[in-house]
Structures are given as C-alpha cells and as structure tokens.
Amino acid sequence: MPMNFGRFFSSSSSNLSYCYYLLIVVLSISLVNIAFQNYSFSQSTTNDTAFTTVKTNNSENFVIPFNDTNNDRRHPIEYVFDEPKTSNWIISIFNNLSYYNSPDSKTIIKIQERPPSQKFVELMLYGDQSKRFIVSVNTNETGYMRMYENNQDGWSTDGPITVSHANVQGLSVTNGKRIVLDKLGMNGFDVGSVSVYGKDDSSMPNSTYAGSLEFQTLSGDYSKSFLYYMPLGMIVGVGGILLFLIYKKKRDPE
C-alpha cells in the first residue's frame, strides 16, 4: 500500500524535523561519497621521508612533520610533484609548527621549478616572538632578489600563507592575513617541487619541537574540480530540502 507522504510530513512538527535532518544526513553522505571517489590516497618516500598525500585531478596535498623541518640547508626535505604544476596554481601553507623561542628558529620553504631551471620562490618564517617574514625570488635572468620583508608580526596563523601564480596576473604571496606581494611577473612558473629546512648548519639547535606543515595545492582549471563546487552544492541541496518541507507543511492540513 503506498505511503501517504503528505500526511506523514504534516502530521506533526517532530516528523517535519525528523525528515529534515534525515534528508540532510543522506545528502551529506552522498556528497562526501562522490568527493572521495575523486580522491587518491598514497604514501611516497623522498630523502627517507614518508609523505602521506591526497590527490585529485586538480589538487595535491601533503604534510611534513616537525622533525623533518629541522634539517639543515644542505639536506632539505623535498617533495617532488609527479607532474609540474603549470601556469595557474595556488599553494596554501598551514603552519602548525611549535618553535623554540630563539631568534634562529625558523622555517625556510622553497617552491621551485625542476632542474636545470634555477627559478624559485623562497619564504622565510621566523618562529620567535618577532614572526619575521621574508619573501625572495630567484630567476635565471635576475638572480636572487629579496622582494618583501617584515621584521615584526610578518606572518600569521589566522589563515594559510599562500603562493599563487596565474598566466595573466603573475606571482602573488599572502602572509596569512593579507597580500604582501602582488602580480610579480615571472615569465611563467611551473612548480616541480617544494623543499623545506630549518637550520643554516647541522650544528645549530633545532627550530621546532612539535606540529607540522601542511601544503594544499590547486592547479589547472579549479572550476573543473568537484571540490570547488561542493560548498555551494551543500547550501543549494539543504536549502532546497528545507523549502520543500516548509511548502508541504503549509499546504497539507493537520
């Protein structure tokens, strides 16, 4: 015997609330399942470091634990992308490291093209109370140049530090709060790897004692990624369910 859905929806406010939350759960699970179909989980080893990576067609995320950020500059930890991130890309860096309170405590991040190119962007994040922040670039044509420096509260954990490049707009960098370098012409920039270290010399004390560095990379046409539209899909889906249930509640008699 067919169920009278109109009577079921309108029988009581508790039934309405129950259906509302049930449908939200079903929609959420469906969206998450679709999203995870696009994910690829893997582990790769570089320089004796095991990286846990999460990849989709347009994104690649990886995490570096604190102990690996204490390497010296001669032996940096390097994450190499399977394929270079070309033309349009953005790298978000979540700095969750805990630093020793020393003026020498720092993390150096180099975002670089594949050899033989010498092009790279270097971020220097000092971990003492100053939070000094330095952004430098190196190209084959101009060499090493310091583009931005702030010696007091230069970077923030309020948001991710981002480095991005676009064909038309060039290179941009944020410090977790605002843009500090905008639309720098680089004549193209294809990211091949990211390297990290924390000490100028192996004899120096460690810079960090806990936490991690998380990197989230988007490249290519972001709008083709399901994750790009997922928040909007959730809003539209849940909103549609709510409007439908309210409409049924008003239309059907008690």
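We number each residue from 1, following the sequence as shown.
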Peer 1: Using the salt bridge (Lys or Arg N to Asp or Glu O under 4.0 Å) rule, take Glu78 and Lys110 through it: C-alpha gap first, then chi angles, then the decisive distance, then the call.
Peer 2: CA-CA 9 Å; Glu78 185 175 24; Lys110 290 177 67 175; over 6 Å; no
Peer 1: Could you report the tightest heavy-atom contact between Thr142 and Thr139, atom names first, then the distance?
Peer 2: OG1-OG1, 2.6 Å
Peer 1: So how far is it from Asn206 CG to Ser105 OG, rounded to the nearest 0.5 Å?
Peer 2: 9.0 Å
Peer 1: For the side chain of Lys106 and the backbone of Asp128, is there at least one donor-acceptor N/O pair under 3.5 Å apart?
Peer 2: no
Peer 1: Could you tell me whether the side chain of Asp104 reaches within less than 4.5 Å of the side chain of Met204, counting heavy atoms only?
Peer 2: yes
Peer 1: Look at atom CG of Asp201 and say whether more than 12 heavy atoms of other residues, nucleotides or ligands are closer to it than 6.0 Å.
Peer 2: yes
Peer 1: Between the side chains of Thr174 and Thr162, is a donor N or O closer than 3.5 angstrom to an acceptor N or O?
Peer 2: yes
Peer 1: Could you report the tightest heavy-atom contact between Leu218 and Ser59, atom names first, then the distance?
Peer 2: CD2-CB, 3.7 Å
Peer 1: Side-chain heavy atoms under 4.5 angstrom apart, residues restricted to Ile, Leu, Val, Met, Phe, Trp, Tyr: same cluster for Val173 and Ile134?
Peer 2: no
Peer 1: Between Val135 and Phe94, is there a shared hydrophobic cluster once you connect ILVMFWY residues whose side-chain heavy atoms come closer than 4.5 Å?
Peer 2: no
Peer 1: Taking Ile179 as the starting point, is it possible to reach Trp155 by hopping between hydrophobic residues whose side chains are less than 4.5 Å apart?
Peer 2: no
Peer 1: Is Phe120 linked to Met145 within one hydrophobic cluster, defined over Ile, Leu, Val, Met, Phe, Trp and Tyr using a side-chain heavy-atom separation of less than 4.5 Å?
Peer 2: no
Peer 1: Does CZ belonging to Arg114 count more than 12 external heavy atoms closer than 6.0 Å?
Peer 2: yes
Peer 1: Find out whether Ser136 and Tyr144 are in side-chain contact, i.e. whether some heavy atom of one side chain is under 4.5 Å from a heavy atom of the other.
Peer 2: yes
Peer 1: Decide yes or no for Leu213 and Val63: does some side-chain heavy atom of the first lie under 4.5 Å from some side-chain heavy atom of the second?
Peer 2: no
Peer 1: Closest approach of Ser193 and Val80, non-hydrogen atoms and distance?
Peer 2: CB-CA, 4.0 Å
Peer 1: Taking C-beta and beyond as the side chain, do Asp153 and Phe133 meet within less than 4.5 Å on heavy atoms?
Peer 2: no
Peer 1: Measure the NE2-OG distance between His165 and Ser87 for me, rounded to the nearest 0.5 Å.
Peer 2: 7.5 Å
Peer 1: Scan Asn61, Ile111, Ile64 and name whichever one has a side-chain contact (heavy atoms from CB on, under 4.5 Å) with Phe215.
Peer 2: Ile64
Peer 1: So do Asp72 and Asp200 actually touch side chain to side chain, heavy atoms under 4.5 Å?
Peer 2: no
Peer 1: Count I, L, V, M, F, W, Y as connected when their side-chain heavy atoms are under 4.5 Å apart, and connections chain through other members. Are Ile108 and Tyr99 then in the same cluster?
Peer 2: no
Peer 1: Classify the side-chain pair Asn70/Thr208 by whether it contains a donor and acceptor separated by less than 3.5 Å.
Peer 2: yes
Peer 1: Does the pair Lys177 and Asp158 meet the rule for a salt bridge (Lys or Arg N to Asp or Glu O under 4.0 Å), with working shown?
Peer 2: CA-CA 7 Å; Lys177 282 187 175 181; Asp158 290 350; 3.7 Å; yes
Peer 1: Would you say Asn138 and Lys119 make side-chain contact, with heavy atoms under 4.5 Å?
Peer 2: no
Peer 1: Would a 4.5 Å heavy-atom cut-off, applied to side chains only, mark Phe62 and Val54 as touching?
Peer 2: no
Peer 1: Among Met124, Gln152, Glu149, whose side-chain contact (heavy atoms from CB on, under 4.5 Å) with Arg132 holds?
Peer 2: Glu149
Peer 1: Counting distance only, does the side-chain N/O of Asn88 pair as donor-acceptor with the main-chain N or O of Ser219 below 3.5 Å?
Peer 2: no
Peer 1: Distance alone, cut at 3.5 Å: any donor-acceptor contact between the side chains of Tyr126 and Thr107?
Peer 2: no
Peer 1: Just verifying a value: how many Å separate Asn151 CG and Lys131 NZ, rounded to the nearest 0.5 Å?
Peer 2: 14.5 Å
Peer 1: For Gln118 and Glu113, does a side-chain donor sit closer than 3.5 Å to a side-chain acceptor?
Peer 2: no
Peer 1: Under the criterion side-chain contact (heavy atoms from CB on, under 4.5 Å), which of Val137, Ile91, Leu184 is the partner of Val121?
Peer 2: Val137
Peer 1: Rounded to the nearest 0.5 Å, how far does OG of Ser207 lie from CG of Leu125?
Peer 2: 11.5 Å
Peer 1: Side-chain donor-acceptor pair under 3.5 Å between Tyr79 and Glu60, yes or no?
Peer 2: yes
Peer 1: So, Tyr100 versus Tyr209, ring centres under 6.0 angstrom or not?
Peer 2: yes
Peer 1: Is the closest side-chain donor-acceptor distance between Asn150 and Tyr148 under 3.5 Å?
Peer 2: yes
Peer 1: Ignoring hydrogens and angles, state whether a donor on the side chain of Asn58 or Thr56 is under 3.5 Å from an acceptor on the partner side chain.
Peer 2: no
Peer 1: Taking atom OH of Tyr197 and atom NE2 of His75, what is their separation to the nearest 0.5 Å?
Peer 2: 13.0 Å
Peer 1: When the ring planes of Trp89 and Phe189 are compared, do they come out parallel, tilted or perpendicular, using 30° and 60° as the limits?
Peer 2: perpendicular
Peer 1: With side-chain contact (heavy atoms from CB on, under 4.5 Å) as the test, would you mind laying out the steps for Gln112 and Ser195 before giving the verdict?
Peer 2: CA-CA 8 Å; Gln112 51 207 5; Ser195 62; 3.5 Å; yes
Peer 1: Working to the nearest 0.5 angstrom, can you tell me the gap between Asn96 CG and Thr157 OG1?
Peer 2: 8.5 Å
Peer 1: What are the two closest heavy atoms between Ser202 and Lys199, and how far apart are they?
Peer 2: O-NZ, 3.6 Å
Peer 1: If you measure only the distance, is there a donor-acceptor pair under 3.5 Å linking the side chains of Ser172 and Asp182?
Peer 2: yes
Peer 1: Taking side chain as C-beta onward, heavy atoms only, is Ile90 less than 4.5 Å from Val163?
Peer 2: no
